[in-house]
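Just below is one structure, and these are the notes that go with it.
What you see below is based on every heavy atom in this structure, not just the backbone, and it leaves out hydrogens, waters and symmetry mates.
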Amino acid sequence: MIGGRGRQDMRVTMTSAAARSGRANEDFTGAVPTAAVLIDGAGISGTESICRHGVAWYARSLGGSLLSLVSRERDRGLSAVLAEAIEQVTDDHRDTCDVADPISPSATVAMLRLSDGLIEYLVLGDSFLVLDTAEGAPLVVSDPREVIISRSYEPALEAVANGSEEYRRVLGELRANRNQPGGFWLAKDDPRAADEAITGSCPISELTGAVLLSNGASRIVDRFRLADWPGVMAVLASSGPAEIIRRVRQAEAHHAVAADDATIAHCTDLGEA
């Protein structure tokens, strides 16, 4: 019981699957009674020469820092919490790694928190957060900037061999738009990126649930179009997150699309008495 406003916790069901066996999962998800966090780590070939820890370490470290901060600093906004978490993790490897290099590890972030009758939310990068409303269509929260900018580079990337010198050059040009005005924003080494996150809140009383998805899991809607968002929420309610990822993996195999790490955190029983 908090402030006489009823219970402030929730049930969270989480599933995360690496892109393939034997490869580190560069996603992270975790929860505390009042909050859930999903991190989708990002890196390209050569990252290991810049940061000895790697992308999976960055994702785990940022997620752990966020969960610690968000559970104990309930009066701070989510952007401020994210900024401090970015600074903490950057400090953890500043002395051993080139944290400012354009190809050093980075991550997208999706998080929500129950607070005095509200769900507060934040999205930075191309992960998704979907709020299942009691009446009407789900509210989809996304940050499309990276997707929009990446589209202009797709023809050049598709015209050359994956992993080739020219591929890396074009990818480097794309990454130069990261954390720049007019570009797209991710968690990396600059805490000011948190100010660019998409944030908002919604009364808990208007919701029946919420879900956080990495872009490897959101493929069920935005790439393969196997379901719309109401359909996704229905599958989650009946079969859970693992079924969403199973369907994504089937579609990847059918269309010969390289698999991606896929992670879902499904939040229900929001603050029920």
Side-chain angles (χ1 to χ4, degrees), residues 1-15 29-38 40 70-71 74-75 77-79 81-82 108-145 147-148 197-248 251 262-273:
M1 186 81 73
I2 295 177
R5 300 185 68 125
R7 209 184 78 204
Q8 295 284 297
D9 60 9
M10 59 187 171
R11 181 187 304 273
V12 183
T13 305
M14 297 174 285
T15 300
T29 190
V32 293
T34 58
V37 167
L38 186 148
D40 184 350
V70 79
S71 61
R74 299 181 183 178
D75 293 333
L78 295 183
S79 293
V81 170
L82 175 57
T108 73
V109 181
M111 57 190 301
L112 62 79
R113 175 174 63 186
L114 306 184
S115 178
D116 292 333
L118 296 174
I119 274 194
E120 302 171 311
Y121 57 80
L122 177 150
V123 174
L124 181 68
D126 62 0
S127 292
F128 280 80
L129 187 149
V130 183
L131 302 176
D132 200 13
T133 59
E135 299 181 7
L139 172 62
V140 181
V141 183
S142 63
D143 178 358
R145 288 170 289 188
V147 173
I148 291 170
I198 310 300
T199 60
S201 63
C202 183
I204 293 173
S205 60
E206 297 180 4
L207 304 174
T208 58
V211 62
L212 314 177
L213 306 96
S214 68
N215 68 348
S218 69
R219 286 177 166 187
I220 192 170
V221 173
D222 58 15
R223 179 155 192 170
F224 299 122
R225 306 195 185 284
L226 301 176
D228 56 13
W229 288 114
V232 167
M233 301 311 292
V235 172
L236 288 170
S238 64
S239 304
E243 176 61 16
I244 298 291
I245 295 177
R246 186 189 71 81
R247 296 185 187 187
V248 169
T263 301
I264 300 173
H266 184 212
C267 307
T268 56
D269 299 345
L270 305 175
E272 291 185 354

Sort and list the pairs that fulfil ring-ring contact (aromatic ring centres under 6.0 Å, His included) and have at least one residue in residues 205-231, not counting sequence neighbours.
->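 Every ring-ring contact (aromatic ring centres under 6.0 Å, His included) pair that includes a residue of residues 205-231, provided the two are not neighbours, is Phe128-Trp229, Phe224-His255.
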Please identify each residue that fulfils side chain to side chain donor-acceptor pair (under 3.5 Å) with [X], with sequence neighbours left out.
X      : value
Asp228 : none
Thr29  : none
Thr263 : Ser16, Asp27

Considering only distance and modelled atom types, tabulate donor-acceptor pairs under 3.5 Å from the side chains of residues 134-141, sequence neighbours left out.
none

What's the shortest heavy-atom distance between [X] and [Y], and which atoms?
X      : Y      : result
Asp269 : Arg11  : OD2-NE, 3.0 Å
Thr15  : Pro241 : OG1-CB, 3.6 Å
Val12  : Cys267 : CG2-SG, 4.0 Å
Ala35  : Val70  : CB-CG1, 3.6 Å

If I take atom [atom1] from residue [X] and atom [atom2] from residue [Y], how far apart are they, to the nearest 0.5 angstrom?
X      : Y      : atom1 : atom2 : answer
Ile264 : Ile245 : CD1   : CD1   : 4.5 Å
Thr199 : Leu82  : OG1   : CG    : 11.0 Å
Arg74  : Leu114 : CZ    : CG    : 9.5 Å

Would you sort out whether Ser214 and Leu38 count as a side chain to side chain contact (heavy atoms under 4.5 Å, CB included), showing the intermediate values?
-> CA-CA 7 Å; Ser214 68; Leu38 186 148; 3.9 Å; yes
All salt bridge (Lys or Arg N to Asp or Glu O under 4.0 Å) counterparts of [X], not counting sequence neighbours:
X      : answer
Asp143 : Arg145
Arg246 : Glu243
Arg113 : Glu120

Run the side chain to side chain contact (heavy atoms under 4.5 Å, CB included) check on Met10 and Leu112 step by step: do they pass?
-> CA-CA 11 Å; Met10 59 187 171; Leu112 62 79; 3.6 Å; yes
Using the salt bridge (charged side-chain N to carboxylate O under 4.0 Å, His left out) rule, collect all pairs that involve residues 208-220, keeping only residues at least two apart or in two chains.
->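 Output for this query lists Arg219-Glu252.
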Full working for side chain to side chain contact (heavy atoms under 4.5 Å, CB included) between Ser79 and Leu122 = CA-CA 7 Å; Ser79 293; Leu122 177 150; 3.9 Å; yes
Extract all donor-acceptor atom pairs below 3.5 Å that involve side chains of residues 202-213 and protein atoms in other chains or at least two apart in sequence.
unit_1: Thr208; atom_1: OG1; unit_2: Asp132; atom_2: O; d: 3.3
unit_1: Thr208; atom_1: OG1; unit_2: Asp132; atom_2: OD2; d: 3.2

4.5 Å side-chain heavy-atom contact, Asn215 and Thr108 |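 Asn215 does not reach Thr108 side chain to side chain.
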Could you go through residues 231-238 and list every donor-acceptor pair under 3.5 Å that involves a side-chain atom there, pairing it with any protein atom two or more places apart or in another chain?
unit_1: Ser238; atom_1: OG; unit_2: Ala234; atom_2: O; d: 3.2
unit_1: Ser238; atom_1: OG; unit_2: Val235; atom_2: O; d: 3.2

